[in-house]
Chemist: 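If you scroll down you'll find the structure; I have some questions about it.
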Amino acid sequence: MRPERHPLVSCRVRVLFIGDIFATPGMKAALAYLAQAREEYDFIVANGENAAGGFGITRRHFQQLRNAGVDVVTLGNHGWDQAEALELAEETPRLIRPANYPPGTPGVGSASFEARNGERITVTQVMGRVFMDPLDDPFRAVDAVLEGVPEGEAVVVDVHAEATSEKRVMAYHLAGRVSAVIGTHTHVQTADETIVRGTATITDAGMTGVQASSIGMAFEAVHARFVHKLPRRYTPADGKGTLCGVVLELEGKRARSIRRLRWPGADEAA
Ligand SMILES: [Fe+2]
């Protein structure tokens, strides 16, 4: 049953943010979790830029996630690895690419949606520039997005970046102005979740995929490249995936709680 809405009182919105879904084991873990838990959430965001074997996302992956209850899929530096994602981004605002791509890039960098309990929520993504390809300023880009968001509306920011420092500074930059700043891209869940001035943040939500791997890829080829400098093709690790993410409780624009999620539990053993 849906909570009754009062025009002056915001309902609590329970948001699930699923960390980078990596290849088939990641997709399987995400779909299995959502099959049993989707009703617990009012709104679900998933980073899906590695869904297709680690490289991008196809129309099929996007539709599978949507059918499982995911409201919005965010991208990142691998967003366009599958050409059909460029078409898909033009067809739906539910596939969000970084807002700091150059003007004219297909798709949108932010959009506002209605959660299942009737509250509105804006989702945006910015990509970092430290140890990554040059891009427009993510700080100015997110400020520009916020200018268009109605006062009091919940905002979830996916900061897709390599450097811990850049993600932490983005959270500092946005504290008190958005509901959550969730780090993605580095694939290892951090233990620094906190709430600052009503903004929930974590440096990285973690990877949904095989944890006993080199951030999703099988160890062998990566090891050969590091140790022997041999050219080897990366392949996604086989095995059972773990869902990593965070659960947020929002009230209007303010976050009331942030909790790390690992499901069904640690599976680090190789
Ligand atoms: Fe990435």
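Each ligand, and each atom within it, is numbered from 1 in the order the structure gives. Please read these numbers as outputs of a predicted model, since none were measured by experiment.
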Chemist: Linking I/L/V/M/F/W/Y whenever any side-chain heavy atoms sit under 4.5 Å apart, do I44 and V181 land together?
Modeler: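 No, I44 and V181 fall in different hydrophobic clusters.
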Chemist: For N77, enumerate each residue passing the side chain to side chain donor-acceptor pair (under 3.5 Å) test, keeping only those at least two apart in sequence or located in another chain.
Modeler: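 Testing N77 for side chain to side chain donor-acceptor pair (under 3.5 Å), a comparison that skips the adjacent residues, returns H160, H185.
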Chemist: Is the count of non-hydrogen atoms from other residues, nucleotides or ligands lying under 6.0 Å from R140 atom CZ greater than 12?
Modeler: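 At most 12 heavy atoms, drawn from other residues, nucleotides or ligands, come within 6.0 Å of this atom.
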Chemist: How are the rings of F43 and F113 set to each other: parallel, tilted or perpendicular (split at 30° and 60°)?
Modeler: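 The rings of F43 and F113 sit tilted, inter-plane angle from 30° to 60°.
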Chemist: Evaluate whether atom CZ of R260 has more than 12 neighbouring non-hydrogen atoms of other residues, nucleotides or ligands under 6.0 angstrom away.
Modeler: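 Result for CZ/R260: enclosed.
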Chemist: What number of protein N, O or S atoms occur at distances under 2.8 Å from the Fe ion (ligand 1)?
Modeler: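 Counting protein N, O and S atoms closer than 2.8 Å to the Fe ion (ligand 1) gives 4.
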Chemist: Counting only heavy atoms from other residues, nucleotides and ligands, does the tally under 6.0 Å from CG of D143 exceed 12?
Modeler: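 It does: D143 CG has more than 12 such atoms within range.
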